[in-house]
6 protein chains.
Amino acid sequence: MFAHNKRLQYTVRVSEPNPALANLMLEQFGGPQGELAAAMRYFTQAVAEDDPGRKDMLYDIATEELSHLEVIGHIVVMLNKGIKGAVAEGLAEQGELYRRMNAGSDSHVTSLLYGGGAPLVNSGGVPWTAAYIDTIGDPTCDLRSNIAAEARAKIIYERLINATEDAGVKEALGFLMTREVAHQKSFEKALYAIEPNFPPGKLPGVPEFVNKYFNLSTGPGDMRGPWNQGAQWEYVDGAEAIGNVDAGGDGDASVMLDDEQRELVMKMATRTRSNPDGDPQTGADLGAGPGAGATTGESADGSDELPEDLPPGAGGNGKRATGASTGRRR
Amino acid sequence: MFAHNKRLQYTVRVSEPNPALANLMLEQFGGPQGELAAAMRYFTQAVAEDDPGRKDMLYDIATEELSHLEVIGHIVVMLNKGIKGAVAEGLAEQGELYRRMNAGSDSHVTSLLYGGGAPLVNSGGVPWTAAYIDTIGDPTCDLRSNIAAEARAKIIYERLINATEDAGVKEALGFLMTREVAHQKSFEKALYAIEPNFPPGKLPGVPEFVNKYFNLSTGPGDMRGPWNQGAQWEYVDGAEAIGNVDAGGDGDASVMLDDEQRELVMKMATRTRSNPDGDPQTGADLGAGPGAGATTGESADGSDELPEDLPPGAGGNGKRATGASTGRRR
Amino acid sequence: MFAHNKRLQYTVRVSEPNPALANLMLEQFGGPQGELAAAMRYFTQAVAEDDPGRKDMLYDIATEELSHLEVIGHIVVMLNKGIKGAVAEGLAEQGELYRRMNAGSDSHVTSLLYGGGAPLVNSGGVPWTAAYIDTIGDPTCDLRSNIAAEARAKIIYERLINATEDAGVKEALGFLMTREVAHQKSFEKALYAIEPNFPPGKLPGVPEFVNKYFNLSTGPGDMRGPWNQGAQWEYVDGAEAIGNVDAGGDGDASVMLDDEQRELVMKMATRTRSNPDGDPQTGADLGAGPGAGATTGESADGSDELPEDLPPGAGGNGKRATGASTGRRR
Amino acid sequence: MFAHNKRLQYTVRVSEPNPALANLMLEQFGGPQGELAAAMRYFTQAVAEDDPGRKDMLYDIATEELSHLEVIGHIVVMLNKGIKGAVAEGLAEQGELYRRMNAGSDSHVTSLLYGGGAPLVNSGGVPWTAAYIDTIGDPTCDLRSNIAAEARAKIIYERLINATEDAGVKEALGFLMTREVAHQKSFEKALYAIEPNFPPGKLPGVPEFVNKYFNLSTGPGDMRGPWNQGAQWEYVDGAEAIGNVDAGGDGDASVMLDDEQRELVMKMATRTRSNPDGDPQTGADLGAGPGAGATTGESADGSDELPEDLPPGAGGNGKRATGASTGRRR
Amino acid sequence: MFAHNKRLQYTVRVSEPNPALANLMLEQFGGPQGELAAAMRYFTQAVAEDDPGRKDMLYDIATEELSHLEVIGHIVVMLNKGIKGAVAEGLAEQGELYRRMNAGSDSHVTSLLYGGGAPLVNSGGVPWTAAYIDTIGDPTCDLRSNIAAEARAKIIYERLINATEDAGVKEALGFLMTREVAHQKSFEKALYAIEPNFPPGKLPGVPEFVNKYFNLSTGPGDMRGPWNQGAQWEYVDGAEAIGNVDAGGDGDASVMLDDEQRELVMKMATRTRSNPDGDPQTGADLGAGPGAGATTGESADGSDELPEDLPPGAGGNGKRATGASTGRRR
Amino acid sequence: MFAHNKRLQYTVRVSEPNPALANLMLEQFGGPQGELAAAMRYFTQAVAEDDPGRKDMLYDIATEELSHLEVIGHIVVMLNKGIKGAVAEGLAEQGELYRRMNAGSDSHVTSLLYGGGAPLVNSGGVPWTAAYIDTIGDPTCDLRSNIAAEARAKIIYERLINATEDAGVKEALGFLMTREVAHQKSFEKALYAIEPNFPPGKLPGVPEFVNKYFNLSTGPGDMRGPWNQGAQWEYVDGAEAIGNVDAGGDGDASVMLDDEQRELVMKMATRTRSNPDGDPQTGADLGAGPGAGATTGESADGSDELPEDLPPGAGGNGKRATGASTGRRR
C-alpha cells in the first residue's frame, strides 16, 4: 500500500506564471511519454510480476514515478497560478481574460476547461489513454518496453529544458530527466539478469527465415550496414525478395468451405458482382461540371478542356462555365 | 512510392472457417502490437529520417510489415469466409445466424458491424489508434522503441500459435513470428551503429542523481540485484530515500506572483475556503439510511448498528428498516 | 512524495483462478468508475488545490485509492494466475488453450494481449482514458463530482459482490465498497464546509430564468413532483414552453458581416445552392432495384409493388426480379 | 505483397521551412480525411473482397494512396526541417526555441512530442483512429463510402492549396487533389457496375414507409424541393407526422417478463421510487447563496431578489451579500 | 428548438428479455452506423447550413433520427429489463447473476457497468465518438457522406433483422431500416439539386492527372472494367505507372534551409549518424539463446542449429539447451 | 418522439465574426461539459428509467438541452460565418487565408477540417466521446452525477461569459448558464424524493470500515476538519493507518492453484527468473557515452566525471568528449 508525504521529492521554484509554458509541461504530466504513463506502466507490471527481484524494483520505480508526477504537476500548477485566479474571479477589463486565455500552445483548453489546474492531457489537449501502455505480461518484452520508454521520457525532458528560460523549472526538469537515465540502467540490468532473453518467449524462430534480410525498398539510396550485411545475414534482393518466400506456395490464400458456406459465398458473389463490361452512367456523370475530367461518353484526350479564361497551373479559380456543364448533364 | 503484387509474401492455407479464431487473429491486424502499428511506426520514421542507412532499413522493414499486414489480413478473411456469406445472405433457420454471430471472442462485432471482413480493430473490438505509436523523432529512442515493439509482436504471435489448432494458420504465423526476430536484430544493429547511444540525446545526466537507486517500496520482499547493487550504484534507503532529495530545498512548490495575480488568488481562496470548524449538515445526512455509518450528530461507535436480521459478512442483503431511517432523516 | 509498502491494505484470499471473473473485476481497475479514475481524480485536484484542508483530504483519499487500485489489481492477478502460466508456457493438448482463452467476458483480450496480467482496461477491453475524469478546477463542482463518483463506485462494487461466489473476493470487495461510502461522506462534509456553495462560481443566475421549469416532453406520462411543483417553481407549459423564451426575440441567429464576408458567403451560397424546382435524376435512381420504393418518374402509390412471391412482413428475403428492375433502370 | 521505391510518386519542392504550415498539412497525413485513412480503407476492403474486378481496383488505389501518404509526409518533413534540428540540438539564445515551438496551429505538439517528424495525428494533434474508417463489408455501401471519402479529401486539399503560399507545395497538393477526383470516378463506375445497387443489401424496404417524408421540423423556413415533393413522395405533415406511425400501435414499449423478472423489477422500482409529493430539503438548499433562485420554502416570485448593487444584465459580478445568504441557509 | 412526446414513433413489442440480443442492438444506438451518429451528423449540418432547402431537410431528418434513437433505445431497454432487475436487486442463488451477466456478446459490460440500461456504446462496448462523423462543411461532400451513411445503416439493420427471432423486434427494425432507404433518396435528390456537383468544391482537377488510372497492383488477378477502361480513361501500366509522374522531377523531396537551419541539421546528423561499417555487438547478442538465429560473429548458414530434440515445424517447444546458450553469450 | 421548430429557444445576436472565440464556444457544444453530453446523459437515462416522475423530468430536461445545443451551435456558426466563406471560396490575397486560419485557440482545425461549421469537438479539437457520460443505471447515482454535471456546465458558461466581449453572445450565454442552475435544483429535488438515498444501492457498508478516516498523507499541512473529525469519525493515524486493516491478515494476495496450474507457473518463473547475483553487461553499457553515469565495472563515486568545460547546473550542453566515451565502450 501507499503512503504520501506532502513534501515534494524535489523542490519546485518557479520564477513567474506562464500558462503557455505550463501547457508544454503537460506533455510530461498527461502525455504519452509522461510520468503517469511511467508510473502506471511499472505499477501494473509490479502487480502481476512473480519474480521477487523484478517485483520489488518495479514497485520502487513506480513509486518514484508517482512522486515525479507530483513534481511536474506542481510545476504546471505554479505556472498556471496567475491564470487560475483570473479564470475563477474574472477580470475587470473587457477582453483581457480572452487575451490571456489565448497565450499560446493550447493553454486556452487548460484555462477554459480545466480552470488552470493540472489535467491529465498532453500539450495538445489530448486526454491520457492506457493505449499508451504497451505492457504484455512477458518480462523480457516488458523490460525492453521500459528501457525504450525511459529513453523517450529523457528526450522529452531534454526538449523541455531547451525550451525553458525559467531557471527553477530548468533545475527541477534536470532532476527528473536524470532519473530517467538511472531507471533505464536499472531496467537494462534486470533484462540481462534473465538468461537467455532473446528471442523473447519460448518458441524458436524458424531457421529458414531468421537470418534473412529482404531488400524491399529499392532505388536511389539503397544502403548496406551491419543491420543487413556481415556473416550473420542472408541478404535477399531483387525478384527473390519480392516473390513469395514459401517454397512451393502460390502466394494465394485459401480455406476449405462446407457446402452451405460455399453456396452462401456464391450467392453473395453473384448478387454483388461487378460487371466488367459496358460503361454505366454514374452519379459523377450526372453531376459533372468543369474540372471533372472526361466522363462517360467522352474521350480522355482533350474533350474536357477547361474554359480558356482559366488561370494556368494547379489551383486556379475556375469560373464556372455553365454552358459547358449543361451539355454534360442529362 | 509503393507497388503491389497480388501474390502474398507467404501462402495462407486455412483448413476451415472459424470466426472466433479470426477474431483472435485481429490482435495482429488492428491491435496495438499488430502489423499496422509496425508498418506505420517504421514508415513514419523512414519519412522523417535523414541518415541514409537507417532510412533505407526503415523503408525495407516498413514495406515488409505492410506485406505481413496483408498475410494476417488474409488469415482473418479466410477464417471469416463462412460467417461473411451467412451475414450477407441470411440463413433460413430462425436464430441460427444469431448463434453463429456469438461464436466467441467478440466475433459478433466483426460479423455484425464489419460483415465478416478484416477491420482495423483488436481482438476486443477496440479501433486501432496512432496512440499506439511511440515514435518521438530521436533515433536512439525510436530504435529502442522498435526493438521493444518487435519483441512484443513476437510474443503475441507465439501466443496465437499456441492457441491455434489449424496447421496452415500455425505455419503462416510461424513465418510472421520469425520475421519479428530478424527485424529486432536489424534494429539492434542499427542502434549500436550509433556511438555513443546512451543516454539518448545531448544533455548529460546530473551527476548527483544519475547513479542513485531509491528504495521507495519497502516491507516484505525487499530485494537487491544488479539493478540496484554493485559498484555503479548508490543505494538510498530509509528516511533518506523518502525525503526530498535536493539539498537545502523544503520540498515545497512556489511561484512569484505580481500584485494582481496575488489578489485574484486571494479572492478565490477566500470565496471558496473550507471552514474547518463546525460540522455542517450534508446531502448525505439528508438522505442517509441503514448502512450509511454514523452521520452528523451521531457517534461512530455503534449508533449505526444494522438491523439484527442482517446476514453476516460483507455483502449481505440488508432489509430496509424504515423505522431506523425515519429517525435519521430530517 | 509517495512511499510504498508491499503489504496490501487488505489481504486478498482467492479460492481459485477464474479468468472470466478476473475480467469483470477489471471494471474497477481500469474502468470509468474504477480505482485509477478515483486516484487520479483526487490526486490532480490535490496538486492544484490551494485550500489547506481540502488539499490534505484529497491527498489522503488519493493515496488510499492508489492502495485500493493495488488490492483490486491483486484480485485480478490471482484470478488470472492459471491462464497466465498457460499462455506463457503453452499447453500440450491441442486447442485447450484456445478454449481457456474464450472463458467469457472478454477474458480472451486479457490473456492474449496482456498475458493474463492486470491491464488498465475495463471489463470490455476499452483502455482507460482521462476523459473519464471530470475535474474542472472549481472546488464546489469538483466536490460534487467526487460525491457522484464515489456513489457510482460503490454501486459497481455492489454489482461485483452480487456476481461473485468466491468468499475471499467478496470480502475484499466489501471492504473496498465500504470505503467509497466513507469517502463520499468526507467529500459531502468538505462541500458543505464552503458557504455558500450553490450556485457554484460567482455569477448569479438570471432571475427571469432561474425558477422556471419548461414542460418540453408531453403526452402520456406527464408528471408533477417536487422537481417542478411547489412555491419555488414556475411551471411553464404548452405553447409558452415551446416558444422562444426571450421577450422580443425572434428565435433567429444573426451576425453582422463586413462587405467582404458578405460577398464570400453569397458566393458560396450561390455556388452550392439547391435548386428546389424540378426533379433531378439521382444515383439512387440509376441503381434502383426492387424494394427501393418509387424513384424519379414513378408514383408513390403502388408502382413499387414487390414481386408477388415475396414473404409477408418486414424481413422477407426478396428474390431478385430482374425484369422489374430492368424497367426501372435507365 | 508490397515493394517500395525510394523515389516519390511526385517530386516535392518546398521553398522554406514553416512548422505551422507543416501542422496544417498533417490533416492529410494523420487526419480523418487523410491518406492513411484512404489507404487503409481500400486496403482492408481489398483483402476481404471476393469480386476480382473490385479487388484489383481496390489494391491499385490503396497502393497509390500509400504513395500519396509518402508524398504528403515528405511535405510535412521538409516544412519541419528547420524546427527538427533546433529541437534536437538546442539553440544558444534563451527562449528562442520556446518562441519557435509556438509558431502556430499546434506545431508545438509536433515539435515537442514528435521532434519535428511526421506523426499520424491531425492538425489539432488528435491521433489517427480506425474509427475514421466506415467500411462494413457490403460492396454497394463501401463504394458509396469511398465516393464520399474521395470527395471530402478533394476538398481538404483544396482548402490547403488556398491556404498555402509556397508554390512547390501548392503544385504537389494539386496533384494529390486531382487524383482524388480520378479515384472518385473509378469508385462511381464500380458502384454502377453492380446492378441493381439500391437499396443496398437484400431486404426490400417496407412499402408503407419507403416513400414517406415526415415534416418534423416546422416553423419559419419550411421548404419543399425534390427531396420531399413530386410524384414519388408522400409528404406527411402536421399531427400525422408527429404521431406514431404504426397503425394501431400505442407508441409504447413493452416486453413480456416472467414472474421472477417482474418481481425483481418491482422490488427495484419500489426501493428507488421518487416520492412526487412533499418538498424535500436538498443539498442545494443547504448550500444556497445569492443567485440561486428560490429554494425550499421560498416563492419563485421575487423572494430571491439579488442585492441592489448588482450590475444589470446577464453576467454581472454579484457581490456576495453574506447577510442574505445566512438567512437562507439552515 | 425541440419538443418531445412520450409516445414512440413506432411501437415496440418485445416478446422476452434477452441481454445478449440487446447488446447486438446497441450497434444502432451507440455504434458508428447507429442513430446517434445519424442524428448528430444531420443536426450539426443543419445548424451550419445556409441553403434554406437543405437546412429544412436536415432538421427534418435529424429530428426523425432522434426519434429512431429513442425507438432502438427502447428495444435495448426492453431486452435488458430482466437483467436490470437482477443486477440491481441481486439474486438469491449463488453464481446465477454471474452466469446471466455472461449471456454473450459483451452483455456483461452492459449489465455490470451500465446496470442493464442503454449506454452509448457499440455492440463491443466501445464508447461512441464524434470521430464517426465525417462532416466537413461542404454540401456536395456532406450529402455524399450522408448517402453513404444511410446505406450503411440500412445494412446493419438488415443484419440485425436476420439475426433476430423476436417478431416484435423484427417489425420495429423493419420500420427503421426502411426509413434509411427513404432518407438516402432524399439526400440523393438534394445532391443532384446542386448543379454541377462534381468535382466537389471550386478548384478543377489538373487535366494531366484527372483521367489517368495507375495500375499499381499487378500479378495474378489484374482486371479491366469500366473503372479503368473505356474512352474516358488513360490506363497507365508497367514502369510508367511505378515511376514518378511529374515530368522532369526526380522523385525527391527538398527544402531550402538558411545557414542556421543547415548547421543544426548537420549537427544532428553527425551526432546521430549510423556507422555502416563494422559489426557492433548488440543487446540481442548479449542475451541470445536458442532460436535466435545467427548473432554477431556467427554465420547465417547453419551455426544456429537448434537442439536435436526440438520438435519439427514452426511452433515446437524448444527445450532450453543451456550449454548452447552459454557458448553464445559473451 | 421528437419534433423541432426552427425558432431557437433563445435568440442569438452576434456582433461580428470571430473564429477564435467560436472555438472557445465549442467547449459547450462538443466538449465534456457541453450540451450534447447533457442531452445524451439525460436522454439515455430517460429511456431506461422506470419511475414515471423521473422519466418525465429526464425527458423534459434532455429536450431542453437539445435546444441549448442548438443555441450554442448557432453562436459558433455565427462567429464562424466569416471564415466559412473564406475557406470555401478562397481569398485573392496570397497568405491571407493562412493568417485567418491561425486566428487562435485551435480555430485552424475548425476552419481547415470542418469548414467553419460546428463540429462536435471541444475547444482543443478533441472529438466528443460517450466516455464523458457516467450514467450507470442506478437512480441515486445518476442523479448525483447529473447534479455534478450541471454544476460543472454552469462554471464553464461563467468562464465563457467572463472571456467574451460580445454583448449578444454574453446574453445568450447568461440564459444557458442560468438554466443549468435551474436543472441542478430539479435533480436535487428528485434525488431527495428517493428515501433513503444514501448509501446508494442495497448493500450496507461494513460497520468496521464505514466511519474510519485514514490519514495517509502526512507531513507539513496535515489538517483536521469536519471531513475527518467530530463524533461520527474514527481518525486513524500513524502506523495503524499505513498497516493493512484486516485483522489477522498478512497483507498478501493468494490463490489456490491446481497441480497443472502450479506447474505452469513454476515453469514460467524458472524460465524468466532474474538472477540477482552477478553484474551482467547491458545494452546501456555497450552504448554508454558521457553523462551516462557509472556503468558496469565503474564506481558510482566520481569515475563518471563530466568534461571540465561543462556548464554548471542541470541542462548544460555537454560537449561530447569522445576520448572518454571510447574508454567506456567495449
Side-chain angles (χ1 to χ4, degrees), chain D residues 7-14 16 52-53 56-57 59-60 63-64 74 78 81-82 85 88-89 131 136 138 141 144-145 148 151-152 154-155 158 174 178 181-182 186 189-190 193 199-201 203 205-206 209-210 216-217 223 225-227 244 246 249 251 253 255-256 261 264-265 267-268, chain E residues 7-14 16 52-53 56-57 59-60 63-64 74 78 81-82 85 88-89 131 136 138 141 144-145 148 151-152 155 158 174 178 181-182 186 189-190 193 199-201 203 205-206 209-210 216-217 223 225-227 244 246 249 251 253-256 261 264-265 267-268:
Chain D
R7 285 171 309 168
L8 299 171
Q9 196 186 14
Y10 201 91
T11 306
V12 169
R13 295 177 188 89
V14 174
E16 61 178 356
D56 178 46
M57 176 190 67
Y59 270 131
D60 281 334
T63 307
E64 185 172 352
H74 276 84
M78 290 299 120
K81 192 66 88 188
E89 303 303 309
I136 63 162
D138 176 276
C141 291
R144 284 185 173 92
S145 298
R152 295 192 301 267
K154 194 273 179 185
I155 287 292
E158 179 168 333
T178 300
V181 178
S186 286
K189 289 291 179 190
L203 295 185
V206 179
F209 301 120
V210 78
L216 290 171
S217 172
M223 288 278 293
W227 47 86
N244 55 308
D246 52 315
V255 63
M256 302 291 279
Q261 291 166 337
L264 287 168
V265 166
K267 272 175 74 175
M268 186 187 180
Chain E
R7 284 171 308 166
L8 299 173
Q9 196 187 15
Y10 201 93
T11 306
V12 169
R13 296 180 186 88
V14 175
E16 61 178 356
D56 177 46
M57 175 190 68
Y59 270 129
D60 281 334
T63 306
E64 183 171 354
H74 276 84
M78 290 299 122
K81 192 66 87 189
E89 303 303 308
I136 63 163
D138 175 277
C141 292
R144 284 184 172 93
S145 298
R152 295 192 300 269
I155 287 291
E158 178 167 334
T178 299
V181 177
S186 285
K189 289 290 180 191
L203 294 185
V206 179
F209 301 120
V210 77
L216 290 171
S217 172
M223 288 278 292
W227 47 86
N244 56 306
D246 53 315
S254 59
V255 64
M256 302 290 278
Q261 290 166 335
L264 287 168
V265 165
K267 273 175 73 176
M268 186 187 181

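Here is how names work: the chains are called A, B, and so on, in the same order as the sequence lines, proteins then strands, and each is numbered from 1. Because the structure is a prediction, the values reported are computed rather than measured.
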| Is the shortest heavy-atom distance from the side chain of Leu8(D) to the side chain of Asn244(E) under 4.5 Å? | no
| request: Determine the option with the most heavy-atom pairs under 4.5 angstrom with chain E, choosing from Asp246(D), Val14(D), Ile136(D). | output: Asp246(D)
| query | Looking at Asp60(E), Leu216(E), Leu264(E), which one has more heavy-atom pairs under 4.5 Å with chain D than the rest? | reply | Asp60(E)
| remark: The interface call for Ala190(E) against chain D, heavy-atom contacts under 4.5 Å, is both
| said: Heavy-atom pairs under 4.5 Å with chain D: which of Val12(E), Val181(E), Thr63(E) has the most? | reply: Val12(E)
| message | Looking only at heavy atoms and a cut-off of under 4.5 Å, which of Pro200(E), Pro226(E), Ala131(E) has the most pairs with chain D? | response | Pro200(E)
| remark: Pair count under 4.5 Å, heavy atoms only, with chain E: among Ser186(D), Pro199(D), Ser145(D), Ala88(D), highest is Ser186(D)
| Top contributor to chain E interface from His74(D), Lys81(D), Met57(D) [non-hydrogen pairs under 4.5 Å] | Met57(D)
| query | Relative to chain D, which of Ala193(E), Pro52(E), Gly225(E) shows the most heavy atom pairs under 4.5 Å? | reply | Pro52(E)
| Hey, does the side chain of Ser217(E) reach the backbone of Asp56(D) with a donor-acceptor pair shorter than 3.5 angstrom? | no
| request: Name the option with the most non-hydrogen atom pairs under 4.5 Å to chain D; the candidates are Ala253(E), Ala151(E), Gly249(E). | output: Ala253(E)
| Residue among Met268(E), Glu64(E), Arg152(E), Lys267(E) with most heavy-atom pairs under 4.5 Å to chain D | Arg152(E)
| field | Max heavy-atom pair count under 4.5 Å with chain E, selected residue of Gln261(D), Arg13(D), Arg144(D), Met78(D) | value | Met78(D)
| note | Heavy atoms of Ile155(D) and Asp138(E) approach each other most closely as CD1-OD2, 3.6 Å
| message | Could you check whether any side-chain heavy atom of Leu203(E) comes within less than 4.5 Å of a side-chain heavy atom of Lys154(D), counting everything from C-beta outward? | response | yes
